[in-house]
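No hydrogens, no waters, no symmetry mates; every other heavy atom, side chains included, goes into these values.
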Amino acid sequence: MPLTSPARPLALALAAALASSVLLAAPSAQAKEVDAFPTYQGQVSCDPVAKPGVLAARRLLLAKFGGGSGGITRACSSGGLSEHKEGRAWDWSLRASKAKDRRTARRATTWLTRGVKGEAAARARRLGVMYMIWNRKIWRGYDAAAGWQRYEGQDPHTDHIHLSFTWNGATRRTSWWAGSPRALDHGPCAKWVGELAPAWTEPNLSPCPTPLRRPVANHRGIYRAQEGETLARVSRWFDRPSAKIRRWNGWPAKGRVDIEPGQKVRVRPRS
């Protein structure tokens, strides 16, 4: 089930306030390095608050090319997974049925994906654009060499360009805003399979571990151990003293206990 949308973290509020006061017409164009090509970072949390990097990119692109704004956020209960639900996607209102809008879209997307001084898709990388969808085609920054490809999604995106941003781009931690590339922000980490991660509060510079299945024992009190399982973790998850778990499973009263993935662990006494 979707989590209740949390209050805007203080860090984001301060960053958003700063973004609104910065003159965006002159970015940090003299950065010596260009950000690495993005990795795909899909929605993992529920936090429909417009992130400062998306707000800043929207102002920049509208001022430079025109068009309208179709919005940044979307309710977490609406439809499937989407970076809109984390406030790091923007729908740029342009209509493929209008020649003027098609020209605007072509100029804008070319500006973003064109190479600069030997760096492919330099501006998209420097703004943290992860992918774009427009008029039945998609451009993936994490597969930029493939160029624009046919988009098979249900929405043909003929009335807007969809732009999704990496966490670095969404929080203004790219060379465009910071002057030089920053370490990759992996974003929030989901702890449990099928459950949302906590909302972003600060950069996460470590790759997310594989989500675990929330521990559940069967009707006989048997739990199937997961990868990296330990006695301490089983004791904590099921709120049982480790001494009792040792006794119920016939393990020594002291010393290390090695638990293998898939091993049956008794977490309550036999009935």
Side-chain angles (χ1 to χ4, degrees), residues 19 22 24-43 50-72 82-84 86-94 96 101-151 153 157 160-187 203:
V22 174
L24 299 175
S28 303
Q30 303 305 316
K32 295 181 180 180
E33 298 178 72
V34 174
D35 306 75
F37 283 99
T39 57
Y40 177 71
Q41 298 178 320
Q43 180 209 350
K51 301 301 182 284
V54 182
L55 290 167
R58 180 178 67 175
R59 286 193 293 271
L60 170 69
L61 294 170
L62 288 177
K64 186 173 184 64
F65 298 103
S69 181
I72 292 174
S82 170
E83 291 79 48
H84 282 295
E86 293 176 320
R88 56 187 183 97
W90 171 47
D91 288 340
W92 188 354
S93 297
L94 294 166
D101 283 7
R102 289 197 304 273
R103 289 193 296 270
T104 298
R106 183 168 60 251
R107 288 173 49 236
T109 56
T110 299
W111 183 80
L112 286 166
T113 60
R114 178 189 295 144
V116 178
K117 295 183 179 179
E119 293 286 356
R123 296 186 183 95
R125 289 160 59 186
R126 296 194 59 218
L127 286 167
V129 176
M130 185 168 64
Y131 66 87
M132 295 183 284
I133 308 173
W134 161 247
N135 195 18
R136 299 182 174 86
K137 291 186 177 181
I138 183 170
W139 179 87
R140 299 176 176 89
Y142 45 93
D143 187 21
W148 286 89
Q149 299 175 301
R150 183 173 180 80
Y151 178 67
H157 291 72
H160 69 278
I161 303 174
H162 171 97
L163 297 95
S164 276
F165 294 79
T166 62
W167 281 105
N168 278 29
T171 56
R172 291 174 56 102
R173 297 182 68 255
T174 62
S175 63
W176 192 278
W177 310 114
S180 61
R182 295 293 185 262
L184 176 64
D185 181 357
H186 295 269

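Between Leu94 and Trp134, the shortest heavy-atom contact is O-CZ3, 3.3 Å. Closest approach of Met132 to Val129, counting heavy atoms only: CG-CG1, 3.8 Å. Residues Pro52 and Thr171 approach most closely at CG-CA, 4.3 Å, considering heavy atoms. Of all the heavy atoms in His84 and Ala89, the pair that sits closest is ND1-O, 3.4 Å. When all heavy atoms of Ala56 and Arg172 are compared, the closest pair comes out as CB-NH1, 3.4 Å. Closest heavy-atom contact between Ala108 and Trp92: CB-CH2, 3.4 Å.
Side-chain atoms of His157 and Asp91 form no donor-acceptor pair, as typed in the model, at a separation below 3.5 Å. Residues Ser69 and Trp90 bring a donor and an acceptor atom of their side chains to less than 3.5 Å of each other.
Remark: the backbone N or O of Ala120 is paired with a side-chain donor or acceptor of Arg125 at under 3.5 angstrom. Using modelled atom types, no side-chain atom of Ser180 and backbone atom of Ser175 make a donor-acceptor pair closer than 3.5 Å.
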**Report entry** Criterion side-chain contact (heavy atoms from CB on, under 4.5 Å) on Arg173 and Trp167, from CA distance to verdict
**Finding:** CA-CA 8 Å; Arg173 297 182 68 255; Trp167 281 105; over 6 Å; no
**Report entry** Pair Trp139-Thr109, side-chain contact (heavy atoms from CB on, under 4.5 Å): steps then yes or no
**Finding:** CA-CA 9 Å; Trp139 179 87; Thr109 56; over 6 Å; no
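Proximity of Tyr131 to Asp143: side-chain heavy atoms (C-beta onward) are nowhere separated by under 4.5 Å. The side-chain heavy atoms of Glu83 and Phe165, taken from C-beta on, include no pair separated by under 4.5 Å. In this structure the side chain of Asp185 never reaches within 4.5 angstrom of the side chain of Thr166, judged on heavy atoms.
From Leu61, atom CG reaches atom CZ of Arg123 across 11.0 Å, with rounding to the nearest 0.5 Å. For the atom pair Leu60 CG and Leu55 CG, the distance stands at 12.5 Å (nearest 0.5 Å).
A cation-pi contact, defined as under 6.0 Å to the ring centre and within 45° of the axis, is absent between Arg140 and Tyr40.
A salt bridge links Glu86 with Arg88: the closest approach of a Lys/Arg side-chain nitrogen to an acidic carboxylate oxygen falls below 4.0 angstrom.
Looking at Thr174, Asn168, Leu127 one by one, the single match for side-chain contact (heavy atoms from CB on, under 4.5 Å) with Asp35 turns out to be Thr174.
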